[in-house]
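Encoded as structure tokens, the structure appears first; notes follow it.
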Amino acid sequence: MFLSHRSWPELAEYAATESLAVVPLGSTEQHGPHLPEGTDYLIAEALARAATDRTGHLCTPPIPVGVSSHHRQFHGTMWVEPPVFRDYVESLSRNLTSHGIDRIVYVNAHGGNVSHLREVGRRLHEDGTAYAIEWMWDESIPDLIDAVFETTGPHGGPKETAMIMHIAEELVREDRLEAAHDGGAVFDSDAERVHGATTFYDSIENSPNGVFGDQTDATPEIGERLFEAAADQLVALLEWLDAQPFADLLPKPHLDPQPGSGA
Ligand SMILES: [Zn+2]
């Protein structure tokens with residue numbers, strides 16, 4: 001059920017029996033010479049809508065701009081400061097609870113958002129408002145990604161290229177796949193460390209054109225496999241979360257003895 005396309009009486013019917021919401025989040029940032037800047041939120045929205053079409057759960061409109069200042073040197077990259085992002089997502093999540101939502105899955109497709117979404121989930125959990133968890137699509141199918149690509153990459157690589165080929169093929173500049181590969185890099189976070197310290201902050205320090213891995217390995221067929229496998233994982237997560245009693249999702253009480261407990 002896509003919130004943007006529904007009227008309020010339909011949402012009232014949903015609220016009468018359900019309390020779960022899915023919030024897709026991504027980024028609008030450079031994804032190399034071959035992919036659109038909206039790659040991450042397009043992936044998040046497509047997966048969130050496919051999974052909620054199957055389970056019947058509520059899907060909100062996507063949040064298309066995230067924490068992306070590490071791509072700031074490349075044209076078109078948009079970002080907000082991390083505290084602004086956290087406060088915005090927290091406010092939006094608390095707003096959902098006013099309509100009866102008590103559990104949320106952040107369907108995320110941008111690595112830069114992960115720690116901030118975890119922080120928002122922690123805030124909501126600690127005060128018992130809601131149970132909100134972050135789900136990153138590629139983290140749900142690591143073995144499949146390793147099996148289908150020789151040289152994957154954390155950003156703008158074959159996995160995101162294949163996914164966009166499947167979701168919106170007209171947005172992939174197929175004639176620039178070679179250029180993406182030749183002008184990019186193979187990311188090895190261990191090799192980038194100096195005496196144990198991570199010394200880089202921006203993607204341009206590791207990749208001249210901003211992307212990693214071998215994009216020429218991507219095909220729409222592989223994209224479809226990745227998409228369906230990740231959607232299966234998300235459906236299973238939503239069904240699991242839906243089945244949990246809310247009391248089981250709340251923080252555990254402090255151990256005894258406590259002052260005044262009489263113990
Ligand atoms: Zn991306």
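What you see below is based on every heavy atom in this structure, not just the backbone, and it leaves out hydrogens, waters and symmetry mates. Counting starts at 1 for both ligands and their atoms, following the listed order.
Metal site remark for the Zn ion (ligand 1): His31 contributes an N, O or S atom at a distance under 2.8 Å. Residue contact annotation: Glu160 places an N/O/S atom under 2.8 Å from the Zn ion (ligand 1).
A salt bridge does not link Glu90 to Arg86: none of the charged side-chain nitrogens sits closer than 4.0 Å to a carboxylate oxygen.
Atom OD1 is the N/O/S atom of Asp40 found closest to the Zn ion (ligand 1).
Under the rule for a salt bridge (charged side-chain N to carboxylate O under 4.0 Å, His left out), the partners of Asp138 that lie at least two apart in sequence or sit in another chain are Lys159. Annotation: ring pair (Phe, Tyr, Trp, His ring centres under 6.0 Å) contacts of His110 (sequence neighbours excluded): His70.
Using the six-membered ring where Trp is involved, His155 and His71 have ring planes that are parallel, under 30° apart on the 30 and 60° scheme.
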